[in-house]
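What follows is one structure encoded as structure tokens, with my remarks underneath.
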Amino acid sequence: MMTFRRKYEEKFFQGLSFLFTAIILFVLVQIIWTIVKKGFPSLSWQIISQEPKGGFYFGKEGGILNAIAGSFYLAVCSTVLAFVISLPVALFMNIYLTRYKRLLTGIRFFLDVLWGVPSIVYGAFGFTLLMYLGYKNSLGAGIVTVAAMITPIMIRAMDEVVKTIPIGLQEASYALGSTKTETAYKVFFREALPGFATAILLAFGRGIGDAASVLFTAGYTDYVPHGFSEPTATLPLAIFFQLSSPIEEVQSRAYAAAVILTFIILVLSISARLFKPKK
């Protein structure tokens, strides 16, 4: 009787899992199909290679080069800044703090909480900081805000990678006379490099696809920024502003921008899977 009940429960939950998986895949396919269907007809070389011209937001000529370039500037610079902070923190946690289990658990819990904070909160924090310091919306302000948002993500991703390195490798390094710093950057770093690449790509994808964190900090402009003190457009904000237009042509361009952004995120996701270290 008990065996029959367990088999019944197992089949029930397997069926439930299959149902929810099918629903999620169906919704994902519907979203992608809707974006491609509405955006692909408006996708052209002009859209990709030109900045907005006069009357662009009323359906006239121009493109979204400003948003594409701004998104890459913002995501690349914020990812580099986050990497400079995350790498030593992740290595320090797994080299120097391994004896302090409670402290390490507390740090990881704190990072997980920061990971779950909505991006609009980071945007509000960045905007408040800008107001306090007297700075204006700019590419630099957006970079700092996005870097603050993706740093906990990158640290935890790197931390999980470093945790998989065998303890024997660390002990062998110490036995050969290496210091903790040498072990961290010459042994652990090389061993975990494929996993670090995955962490970087995940953080980059989060940074380039987020709108809320830069809504109040990066500003918006029809031009490609030439310095950190200038405002910048991003693809998510371009999609948001163009979809708010009542003009059908402008809305179609918003879907074209969504196609570009979806393609970038898809490439990053596939790349992250390719770089994922094999167990």
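Only this structure's heavy atoms are used, side chains among them; waters, hydrogens and symmetry mates stay out.
Proximity of a side-chain donor or acceptor of S244 to a complementary backbone N or O of F240 within less than 3.5 Å is detected. For T98 (side chain) and N94 (main-chain N/O), no donor-acceptor pair under 3.5 Å exists by modelled atom type. Judged by distance alone, with hydrogens and angles left aside, the side-chain atoms of Q251 form a donor-acceptor pair with the main-chain N or O of S245 at under 3.5 Å. Counting only distance, with no hydrogens or angles, the side chain of E191 and the backbone of V187 share no donor-acceptor pair below 3.5 Å. Remark: the backbone N or O of A124 is paired with a side-chain donor or acceptor of T128 at under 3.5 angstrom.
At least one side-chain heavy atom of Y185 sits less than 4.5 Å from a side-chain heavy atom of P88. Put simply, the side chain of Q242 reaches to within 4.5 Å of the side chain of I64, judged on heavy atoms. Side chains of L74 and L139 form a contact here, defined as non-hydrogen atoms less than 4.5 Å apart. Contact annotation: the side chain of Y174 approaches that of K180 to within less than 4.5 Å [non-hydrogen atoms, C-beta and beyond].
Shortest non-hydrogen contact noted between S86 and M154 is OG-CB, 3.5 Å. Residues A233 and N66 approach most closely at CB-ND2, 3.5 Å, considering heavy atoms. Closest non-hydrogen pair, E61 versus K53, comes out as O-CB, 3.5 Å. Smallest separation of non-hydrogen atoms from D159 and A90: N-CB, 4.1 Å. Closest of all the heavy-atom pairs between L43 and A256 is CD1-O, 3.9 Å.
Counted within 6.0 Å of CD on Q14, heavy atoms from surrounding residues, nucleotides or ligands total more than 12; the atom is thus considered enclosed.
Residue pairs meeting the ring pair (Phe, Tyr, Trp, His ring centres under 6.0 Å) criterion with at least one member in residues 60-94, sequence neighbours excluded: F92-Y96. Applying the side-chain hydrogen bond (donor to acceptor under 3.5 Å, both in side chains) test to pairs two or more places apart or on separate chains, those with a residue in residues 215-233 are Y57-Y220, Y57-D222.
We find the CD1-OG1 distance between I85 and T151 to be 4.5 Å, quoted to the nearest 0.5 Å. Once rounded to the nearest 0.5 Å, the distance linking CD1 of I200 with CD1 of I153 reads 13.5 Å. Note that OG1 of T21 is 9.5 Å distant from CG of L16, once rounded to the nearest 0.5 Å. Here CD1 of I35 is found 7.5 Å from CD1 of I239. Values are rounded to the nearest 0.5 Å. Note that CG of L91 is 8.5 Å distant from CZ of F189, once rounded to the nearest 0.5 Å. To the nearest 0.5 Å, atom CZ of residue F188 and atom OG1 of residue T183 are 7.0 Å apart.
Residues passing the side chain to side chain contact (heavy atoms under 4.5 Å, CB included) test with S44, sequence neighbours excluded: Q46, I47. Listed by chain and residue number, I247, R253 satisfy the side chain to side chain contact (heavy atoms under 4.5 Å, CB included) test with E249 (two or more places apart in sequence, or in another chain). In this structure, K37 has no salt bridge (charged side-chain N to carboxylate O under 4.0 Å, His left out) partners at least two apart in sequence or on a different chain. Scored by the side chain to side chain contact (heavy atoms under 4.5 Å, CB included) test, I24 finds no partners at all (sequence neighbours excluded).
Note on V80 and L202: separate hydrophobic clusters, where clusters join Ile, Leu, Val, Met, Phe, Trp and Tyr whose side-chain heavy atoms are under 4.5 Å apart, directly or indirectly.
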TODO: Starting from the C-alpha separation in whole Å, work towards a yes-or-no answer on side-chain contact (heavy atoms from CB on, under 4.5 Å) for T145 and F127.
DONE: CA-CA 9 Å; T145 304; F127 178 73; over 6 Å; no

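For the side chain to side chain contact (heavy atoms under 4.5 Å, CB included) criterion with I264, the lone passing option out of V267, I260, T262 is I260.
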